[in-house]
Amino acid sequence: MVATVSAPAVDRIGDLLIREGLLSRDGLTRALEDARRNGNRVGISLIKLELVSEQDLTRVLARQYRVPAVDIENVKLDPKLVKLIPSDVALKHTVLPLRRVGRTLTVAMANPTDLGVIDDLKFITRFDIEPVIAGEQSLKTIVDREYEGFTDEKIRALLQEFADEDLEIVGEEEEDLTVTALRVAVEEAPVVKLINGILTDAVRRGASDIHFECYEKEVRVRYRIDGVLNEIMRPPPKMRAALISRFKILSDLNIAERRLPQDGRLKLRLGKRVIDFRVSTLPTLFGEKIVLRILDKGNLSLDLEKFGMEPKAEQDFMNAISNPYGMVLVTGPTGSGKTTTLYSALSRVNTPEVNILTAEDPIEYNLHGINQVHVRTEIGMTFAAALRAFLRQDPNIIMVGEIRDIDTGSIAIKAALTGHLVLSTVHTNDAPSTVTRLIDMGIEAFNVASAINLITAQRLVRRICSKCKEPHTYAPEFLRSAHLEPEEYEGYVFYRGRGCDVCNNTGYRGRQGLYEVMAMSPTIRRMILQEASTADLQAQAIREGMLTLRMDGIKKVQRGITTLEEVLRETTSLT
């Protein structure tokens, strides 16, 4: 930790702030009491209590210490220089190397008068150290990002515990550990604390997945946040076997089986919330990879009106799911939010007067009032088998997790044609190509044309962070590369996120759906009967008012919801 400034120096800082008119005497008293109570530096208390801004405090400290001040957030870091100081030293003392001139290394510090730290840095780097002062909170955030990739104090403290030699609880070779030894190892306090910390931290950050990956000389933990993987931490490699086994025991999996993939579930209680985790193991070269899908029902929004569909698309979708029979299909790649859309549609039509049955693989969320069936292909409980059983259960509405083959497709079509509302998903790129996909499966064109009421294609793009949103202008060359005419957007102001602590300096926070909703009109039904091409179906749907994924994305860009880069990444010029 950074050395604490003595009480007289603290008083002088307070007097300087008061003389500058930046702080009242009562405010200083409050800060001093908070600092003593929490064991903080008084500067941290001043900023925490919002009595002084970090910039003003840094300016006054620079004058007191007679060292230059630096705006750390606007400094471009050199990765080679960052590596000169070991991560444990940088994190412990909150220091960051900024530049090197000859034998002199300029280092940003929260307390540039700590001669002990300066001597340590001089010994470690073999350079003369020129200290400069930076805002402590900003410096701490950047040091965490550069050296650890995360800012959670609790988890970093847990990692520091693992440095002790008496905590090396597993051997070098995982194969040498017996099941009994593993069971003992996973009950050790550091293993339990670390895994509980990882699970809690991932939920707090709003992650959708946790990846625990084993390599030859390291272990890596990553979170998927807003659809993008972020490296969070690297636990000690010697704890690999114990950590894997702990995950398995929590998920009720066989810890002795390391050669085959396994699937399980676990639950975590956070206050009054209960979060489900779907756990999957996969044997890899240097150990098992663990992926946990976080199923937090508290973050599940099932209100279709808040999805951000355009008015016509939303009206078409609502009309389709209000029909007593027919088929509604949602299409898109894995992770595009298809299941959430289907669950939202089911929630919309879920009333005591209807019998709703679902076949899912796996069941992600438990929905009250809906009969959900877990598909198990290994015992013959396939989607097709579940559908056949459903038709004998007097259903009104059926949801099929995915139409993968002609058997499932044929039974789903038959159900839609015999008085049932059927909702399902298909893996295709856009709405019109779904028709071609079903016909290619072997389903007759007249059945496709008669049964389907609506097809929705969707993607998820990241939303611009509202805290650091700022205007942005794209070069004409960039617009042309996106097949947009620069003349149409001349003088138009786009937006992007600058990057801040709230969005972890990505410029994005949260996600927004893009929707391509194709309702079945008499003309489109006739074209399907004539087996028209995907391009012809798309052209006709656009004439009838359908927005393609790209068109819908551009509208979201124009309203400042997302960036043009996100839309281009998730859609093609033809969609």
Side-chain angles (χ1 to χ4, degrees), residues 206 208-209 224-230 307-314 330-338 340-341 425-434 437 455-500 503-518 534-535 537-539 541-542 545-575:
S208 61
D209 301 87
R224 187 177 294 280
I225 302 174
D226 294 336
V228 178
L229 282 170
N230 301 273
F307 276 27
M309 288 185 179
E310 296 301 314
K312 181 182 183 304
E314 181 180 330
V330 181
T331 179
T334 301
S336 59
K338 300 188 299 296
T340 301
T341 299
T425 69
V426 184
H427 282 284
T428 54
N429 291 326
D430 53 36
S433 63
T434 305
R437 173 81 177 108
I455 303 173
T456 297
Q458 67 181 67
R459 299 289 190 277
L460 290 176
V461 294
R462 292 181 291 174
R463 298 176 68 97
I464 299 173
C465 174
S466 59
K467 297 295 183 182
C468 59
K469 185 176 179 180
E470 64 180 11
H472 179 63
T473 304
Y474 292 102
E477 296 78 15
F478 184 84
L479 294 174
R480 289 192 189 94
S481 69
H483 300 278
L484 302 175
E485 293 300 325
E487 294 76 17
E488 296 181 23
Y489 297 93
E490 187 174 355
Y492 186 84
V493 180
F494 296 92
Y495 291 90
R496 69 173 181 182
R498 182 179 66 255
C500 64
C503 61
N504 200 25
N505 292 301
T506 63
Y508 298 98
R509 184 170 176 81
R511 288 197 283 179
Q512 166 69 49
L514 305 182
Y515 302 94
E516 177 179 293
V517 180
M518 186 174 82
T534 298
L537 289 172
Q538 184 185 59
I542 292 173
M546 181 189 83
L547 294 175
T548 65
L549 290 169
R550 174 63 64 85
M551 293 175 183
D552 191 41
I554 294 300
K555 285 184 174 291
K556 302 293 191 293
V557 171
Q558 290 174 334
R559 289 205 289 271
I561 296 173
T562 188
T563 62
L564 189 54
E565 290 89 344
E566 279 291 292
V567 173
L568 298 182
R569 183 170 64 89
E570 291 293 339
T571 67
T572 69
S573 59
L574 298 178
T575 60

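- A donor-acceptor pair under 3.5 Å is absent between the side-chain atoms of Glu516 and the main chain of Ala457, judged by distance alone.
- Annotation: side chain to side chain contact (heavy atoms under 4.5 Å, CB included) contacts of Leu229 (sequence neighbours excluded): His211, Arg222, Arg224.
- The shortest side-chain heavy-atom distance between Thr563 and Phe494 does not fall under the 4.5 Å cut-off.
- Atom CG of Leu460 sits about 8.0 Å away from atom OG1 of Thr340, to the nearest 0.5 Å.
- The shortest distance between side-chain heavy atoms of Met551 and Ile542 falls below 4.5 Å.
- Judged as a ring pair (Phe, Tyr, Trp, His ring centres under 6.0 Å), and not counting sequence neighbours, His427 has no contacts.
- A distance-only check finds a donor-acceptor pair linking the side chain of Glu566 to the backbone of Arg462 [under 3.5 Å].
- For the side chain to side chain contact (heavy atoms under 4.5 Å, CB included) with Val517, the qualifying choice from Val330, Leu547, Thr456 is Thr456, the only one to do so.
- Here Thr331 pairs with Thr428 under the side chain to side chain donor-acceptor pair (under 3.5 Å) rule; sequence neighbours left out.
- Between the side chain of Arg550 and the backbone N or O of Thr571, at least one donor-acceptor pair lies under 3.5 Å.
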When you look at Thr425 and Thr341, which way does the side-chain contact (heavy atoms from CB on, under 4.5 Å) test go after all the steps? CA-CA 10 Å; Thr425 69; Thr341 299; over 6 Å; no

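- Looking at residues two or more places apart in sequence or on another chain, you find a side chain to side chain donor-acceptor pair (under 3.5 Å) between Glu565 and Tyr474.
- Remark: Pro471 pairs with Val493, Tyr495 by the side chain to side chain contact (heavy atoms under 4.5 Å, CB included) rule, at least two apart or across chains.
- In this structure, the side chain to side chain contact (heavy atoms under 4.5 Å, CB included) partners of Ser336, at least two apart in sequence or on a different chain, are Pro333, Lys338, Gln458.
- Between the CZ atom in Arg511 and the CG atom in Asp226 there is a gap of 6.5 Å [rounded to 0.5 Å].
- Contact record, Cys468 with Gly499: SG-N, 3.2 Å, taken as the closest heavy-atom pair.
- Partners of Lys556 under the salt bridge (Lys or Arg N to Asp or Glu O under 4.0 Å) rule, at least two apart in sequence or in another chain, are Glu310, Asp552.
- The distance from the NZ atom of Lys469 to the CD1 atom of Ile561 is 8.0 Å, given to the nearest 0.5 Å.
- The distance from the CD1 atom of Ile225 to the OG1 atom of Thr506 is 8.5 Å, given to the nearest 0.5 Å.
- In this structure, the salt bridge (Lys or Arg N to Asp or Glu O under 4.0 Å) partners of Lys312, at least two apart in sequence or on a different chain, are Asp316.
- Closest of all the heavy-atom pairs between Arg459 and Gly332 is NH1-CA, 3.8 Å.
- By the side chain to side chain donor-acceptor pair (under 3.5 Å) test, Tyr515 is found to be paired with no residue, residues two or more places apart in sequence or in another chain being considered.
- Looking at every heavy atom in both residues, Ala431 comes nearest to Met518 through CB-CB, 3.9 Å.
- With sequence neighbours excluded, the residues that form a salt bridge (Lys or Arg N to Asp or Glu O under 4.0 Å) with Asp209 are Arg293.
- One finds the OG1 atom of Thr562 at 10.0 Å from the CD1 atom of Ile554 (value rounded to the nearest 0.5 Å).
- Residues that satisfy the side chain to side chain donor-acceptor pair (under 3.5 Å) test with Arg498, not counting sequence neighbours, are absent from this structure.
- With sequence neighbours left out, Arg496 forms a salt bridge (Lys or Arg N to Asp or Glu O under 4.0 Å) with Glu470.
- One finds the CG atom of Asn429 at 9.5 Å from the CG atom of Leu549 (value rounded to the nearest 0.5 Å).
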